[in-house]
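Below is one structure, written out as structure tokens; comments come after it.
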Amino acid sequence: MKILVCISHVPDTTSKINFSEGDTKFDTNGVQFIINPNDEYGLTRAMWFKEKQGATVDVVNVGGPETEPTLRKALALGADGAIRVNTPALDGFAVAEQLAKVVKDGAYDLVIAGRESIDYNGGMVPGMLAGLTDANFVNTCISLEIDGTNAKAIREIDGGKETVTTALPLVIGAQKGLVEESDLRIPNMRGIMMARKKPLTVLEPIEASTETVSVKFEKPTPKGAVTLVSPDNLDELVQLLHTEAKVI
Amino acid sequence: MKPDLFEAPDYYNLDDLLTEEHKLVRNAARSWVKREVSPIIEDYAQKGAFPKHIIGGLADIGAFGPYIPEAYGGAGLDQISYGLIMQEIERGDSGIRSTASVQSSLVMYPIWKYGTEAQRKKYLPKLASGEWMGCFGLTEPDYGSNPSGMTTHFKDMGDHYLLNGAKMWISNAPFAQIAVVWAKDETGRIHGLIVERGMDGFSTPETHNKWSLRASATGELIFNNVKIPKDHILPNKSGLSAPLGCLDSARYGIAWGAIGAAMDCYDTALRYSKERMQFGKPIGQFQLQQKKLAEMITEITKAQLLTWRLGVLKNENKATSAQISMAKRNNVEMAITIAREARQILGAMGISGEYSIMRHAMNLESVITYEGTHDIHLLITGLDITGFNAFK
């Protein structure tokens, strides 16, 4: 089984977010980048298929050279090879088209992509990728087993779970639950040393047009101060809700 | 203990000076410390025990001989990678870093540099994997800053050496499988010998009731007519410069490690200063607390730059012993000062085991003394710049 895990290169969750150029660009100054957590759950499950079922696992990213450390970490975690499509990830449409070419050329049986990246939270790529490659698709996937070309998956639905069976080729949208946080791995020295020798192939992009353009970014309004009201003073609370919060 | 919320300060974007691989190695060590050391370290320090179960993990992140060539089971990394690993481990605890420093710089390094090919092949892979742990015997009860006065000695008995003497304040001694021991031959010249646990007449009593490095095991090495096979001598270097060469490597690691302890104290104090309310506002709004925090990050940033530069020199084989002494001395003092100031910012909570600060402060009292005391390192700088030896 050939598995491709799509890896987004995203700011660490503790990063301080700022914008530059008149709030049109994300300011990467001083920001640490990590593997998108939803992708990391997927990569960890892919490693299980590699170790238990002999799958080969490649990772892919659409982005500039600055994303290579993230791919190298994926290699250190055990992926066999990495591919970088050398073009900025401008929107989900363009990224899905670039990835579809890689999936078709590599004849991958299973494609795992995080259900969304934690930077722009588009959530578009896995579904579009399945569409563009004529593969089956299970989103919000929290369990996946493969037997030959048959797959059994569980997906999270509102208030519960749904178990589905489907067949390869398959694209899944990965998230926490596919593996647990405690299953996530830390690259060991052996892995880091082996990653030096593994291939990181840079592919030039195909023609793919973006369909959306980022015009402006804004940060959420800062949270206001908390006003503490004594439990003995409910009249004041009502008064504040009425005159200041204006909710009653 | 509180959850480990550590965020590493990098005020001058010094990460830009590191390679992709440096950061991968450092971040792996950082994640490992957060996951495996932070949750358990307070408990082990309180009960005065070394957490043996983390030895495998230390080996996995490359803490044992990261710069030893791959052919001997090391990782073949550069000196900055080694430093960064030490920094991250000491961010967790100086005692755990001490275990790693001893294994790497004081056991694996002399076997690699001064040993025979057979000794390298026999010991280094097992030490790199943590299957065997080692310790280093130089200091004696009456010879600390003056190691050349040591009395531990060995006699050539024809088919073996006979070793007698005692060493003190030896990290890892209580559980180490091997000891690299420095002793004088019949002419008074210092040689390194590999002593294995189980040799008749060799014992390693543990040193109890320390107030510092409580999560690291310390002991004595006692040699009572120990028969040492002749192929256990390290043949390629002798004289005091041989153990001092090991100390250079270890002190270099300590210079990095101390930054880790300082970063943890600063980060804890900074977070606390934003949350702790007094007189109706966070204490971080008061000038005296800001002064402490601002001076801390200034000193950390200076130490980071100094130590990164030392790493570059070390990679080029240009770092002198005196340069290493300066960094060890500066950084450990910087760290212990920050630990004390951070303790004050936390007020009474600063002494509690809920936070790492008091543990770091107590640990650093050892770190400022071992591997060359604070005063001795000053005299090394003094000798280097004046040409006058003020040791004696």
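Just so it is clear: chains get the letters A, B, ... in the order the sequence lines come, proteins before strands, and each one is counted from 1.
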Check: In terms of heavy-atom proximity below 4.5 Å to chain A, should B:Asp15 be classed as side chain, backbone, both, or neither?
Finding: side chain
Notebook entry, point to check: What residue, out of B:Lys23, B:Glu7, B:Arg35, has the most heavy-atom pairs lying under 4.5 Å from chain A?
Noted result: B:Arg35
Check: Within 45° of the six-membered ring axis of A:Phe49 and under 6.0 Å from that ring's centre, is NZ or CZ of A:Arg45 located there?
Finding: yes
Checklist line | A:Lys2 side-chain N/O to A:Gly106 backbone N/O, donor-acceptor pair under 3.5 Å | finding: yes
Item checked: Region of A:Leu184 in contact with chain B, defined by heavy-atom distances below 4.5 Å -> both
Notebook entry, point to check: Which region of A:Glu181, side chain (C-beta onward) or backbone (N, CA, C, O), has a non-hydrogen atom less than 4.5 Å from a non-hydrogen atom of chain B, or is it both or neither?
Noted result: backbone
Check: Okay, side chain of A:Asn38, backbone of A:Glu116: is any donor-acceptor separation there less than 3.5 Å?
Finding: yes
Next item on the list: Pick whichever of A:Ile186, A:Asp12, A:Ile34, A:Asn29 has the most heavy-atom pairs under 4.5 Å with chain B.
Entry: A:Ile186
Item checked: Engaged part of B:Leu5 at the chain A interface, taking heavy atoms whose separation is under 4.5 Å -> neither
Note to self: For B:Tyr67 and B:Trp112, take the angle between the two ring planes, folded into 0 to 90°, and tell me which bin it lands in: parallel under 30, tilted 30 to 60, perpendicular over 60.
What the structure shows: tilted
Next item on the list: Without swapping roles, check the side chain of A:Arg84 against the backbone of A:Asn61 for a donor-acceptor pair under 3.5 Å.
Entry: no
